[in-house]
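One structure is given below, encoded as structure tokens.
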Amino acid sequence: MWLGWLGASREKVELSTTTLVVSLSTCAVCCFLWVAKKTRKAVPPLPPGPRGLPLVGYLPFLGTELHRKFEELAGIYGPIYKVWLGQKLWVVVNSPSLVKEVVRDQDTTFANRDPPIAALVATYGGADITFLPYGHEWKKLRKIFVREMLSNAALDDSYTLRREQLRKGIRNVYEKIGTPIDVGQLAFVTLINGIMSLLWGDTLQGEEGANIAVEFKGLLAEIMVLFAKPNVSDFFPGLAMFDLQGIERDAKSIFKWHERIFDSAIDMRLKYLAKAKEEGRGMTEQKKDFLQILLELRERDDAATSISMTQIKALLSFRSWFPENRKPDVLVGGSDTTTTMVEWVMAELMHHPEAMRRVHGELTEMVGLDCIVEESHLPKLNYLGAVIKETFRLHPALPLLVPRSPSQSSTLVGIQDPKIWDNPLEFRPERFLNDSGRLDYSGNDFDYLPFGSGRRICAGLPLAERMLIYVLASLLHQFEWELPPGTELDLSDRFGIVTKKRMPLVAIPTPRLSKLELYTT
Ligand code: HEM
């Protein structure tokens, strides 16, 4: 069984803000039970849903825009419905009260996922945080990821690494001043370099390191292509042994490649550490990156946090850091979650000049025209924070979240929820300013869940939150952005594992600050 969320979208936010998707395998022990309020039957019926065809179910009717299709079905079948996709049954939940039942009241039951076969093969048998079943191993890895790698202290320590990559991005924009720039592409390169640098620090510098970095990027591209392919074996587990499209075979060979690159990068670091120890040098300059944190944990004699080399590789693997990326065009189109959100926020601001003026005013006041944005400024940027939240509401990057899979049969009691948003299709960041105590990213409001909720809430949230506002504040503070003459802003979306802008945002930057050194340092 799987389960995920469908967030608010422009057309039908009135209906609800969130849809939960649960799918069940046809396995006899695994049945999903749903009762409407007051139903007293011993075995509650499955929820209603569209009829499909024998064997393939509703697959031929899904189309490419899954989030629109699910909205349409919600209009017909209500807050909870079922859809057969091949041999698997998905249940879509479409109201905050049902969502609460799943991620709060029955969170432990629904804290699993149904990994695609390619992910199982390419990630040490699903040993990464995203796909590990709920249990001891998942808890341990998640604890290390959240408390050791992404703790406030670790993120503060690694600020210089993020800053360096951001400054490089700003210099790049400055070199192209007055010419059209693909904003998603710019954000993608900046963010991916930032993440690689957080993970590996200086390991990817120098000739040997640069070769490994090139291999990393090639590997990432191959992984994207692999995960983007719909696999017949995932929809028809009975056919998995035949591996009809050869996806499992390809995943195995990518996994070997992955192993070789990771082994040589880690080996380089271990040799460096051994040499430093021999020469009696300290390791302070290496301390900030995540490889270093993990290698130190490996040395610890503490069962709660000590970690094997395989777990280190799983934690540094692409699936942990780009868990939502499955599209092959990610490298050219910049469609990962954080990149996509940079693009949407910039597009909404360019579409709403008054909001853009207010963001600029706030940056001028809080940062100043003779300074660049530092992370210490970010907590003061309330209006920009509200703009980002409002953009998540209108354009959730993961409209289906990451599907969940319950561990046992379960009964949900559905009730009709009242209307949630006033004028839901309107871009109005003020709604987040006025309601500042509520509606954050913590997943405690079941009508606003861009990062999911409960035990499986996005593990990268602290980093995503910091990087998103840092990149946006810097691009907006240092430049004015205009559309190329004769072009129009397009705000339509295209469904994918990450739902992104249908047309890439292309804009022309001009400098906003007067001192040259603010662009060249
Ligand atoms: C705008 C950026 C991002 C968005 C909107 C986002 C959203 C999400 C969502 C909706 C989920 C599923 C939550 C659930 O099942 O309730 C998720 C899971 C996850 N995300 Fe993110 N994410 C973002 C960035 C990141 C980053 C930068 C990282 C890595 C540092 C990351 C790592 C993860 C991991 C490891 C999981 C799986 C957690 C688990 O199963 O325990 N995410 N994310």
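When a ligand or atom number is given, it counts from 1 through the structure's own listing order. Hydrogens, waters and symmetry mates are skipped; everything else that's a heavy atom, side chains included, is used. Just so it is clear, the model here is predicted, and its values are computed rather than measured.
In Pro396, neither the side chain nor the backbone holds a heavy atom less than 4.0 Å from any atom of ligand 1. If you look at Arg142 next to ligand 1, the close heavy atoms, those under 4.0 Å, all belong to the side chain. Counting heavy atoms under 4.0 Å from ligand 1, residue Leu398 touches it through the side chain alone.
Taking every non-hydrogen atom of Trp138 and a distance limit under 4.0 Å, the qualifying atoms of ligand 1 come out as 39 (C), 41 (O). Annotation for ligand 1: atoms under 4.0 Å from non-hydrogen atoms of Ala464 are 2 (C), 24 (C). Ligand-side atoms of ligand 1 in range of Val402: 11 (C), 12 (C), 15 (O), range being under 4.0 angstrom from any heavy atom. Numbered from 1 in the order shown, with element, the atoms of ligand 1 that lie under 4.0 Å from a heavy atom of Pro450 read 5 (C), 7 (C), 10 (C). Numbered from 1 in the order shown, with element, the atoms of ligand 1 that lie under 4.0 Å from a heavy atom of Ser453 read 16 (O).
Take Arg163 and apply the salt bridge (charged side-chain N to carboxylate O under 4.0 Å, His left out) test, not counting sequence neighbours, and it matches Glu374. Applying the salt bridge (charged side-chain N to carboxylate O under 4.0 Å, His left out) criterion to Arg167, with sequence neighbours excluded, gives no partner residue.
Under a 4.0 angstrom heavy-atom cut-off, Phe392 registers as being in contact with ligand 1. Distances shorter than 4.0 angstrom do not occur between any heavy atom of Arg455 and any atom of ligand 1. Not a single heavy atom of Leu468 sits less than 4.0 Å from an atom of ligand 1.
Checked against the 6.0 Å centroid criterion, the rings of Tyr448 and Phe392 do not qualify as a close aromatic pair.
The residue from Ala111, Ala459, Cys458 that puts a heavy atom closest to atom 42 (N) of ligand 1 is Cys458. Selection from Arg466, Glu465, Met467, Arg456 by nearest heavy atom to atom 13 (C) of ligand 1 gives Arg456. Comparing Pro462, Gly194, Gly460, Pro403 by heavy-atom distance to atom 28 (C) of ligand 1, the nearest is Gly460.
Listed for the Arg104 side chain is no donor-acceptor partner under 3.5 Å among the backbone atoms of Val99. With hydrogens and angles disregarded, no donor-acceptor distance shorter than 3.5 Å links the side chain of Arg68 to the backbone of Phe495. A distance-only check finds no donor-acceptor pair linking the side chain of His477 to the backbone of Ala473 [under 3.5 Å]. Listed for the Gln106 side chain is no donor-acceptor partner under 3.5 Å among the backbone atoms of Glu101.
Looking only at atom types and distance, the side chain of Arg162 has no donor-acceptor partner in the side chain of Tyr470 under 3.5 Å away.
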Side chain to side chain donor-acceptor pair (under 3.5 Å) assessment of Gln311 paired with Arg298: CA-CA 10 Å; Gln311 287 172 324; Arg298 193 163 156 256; over 6 Å; no

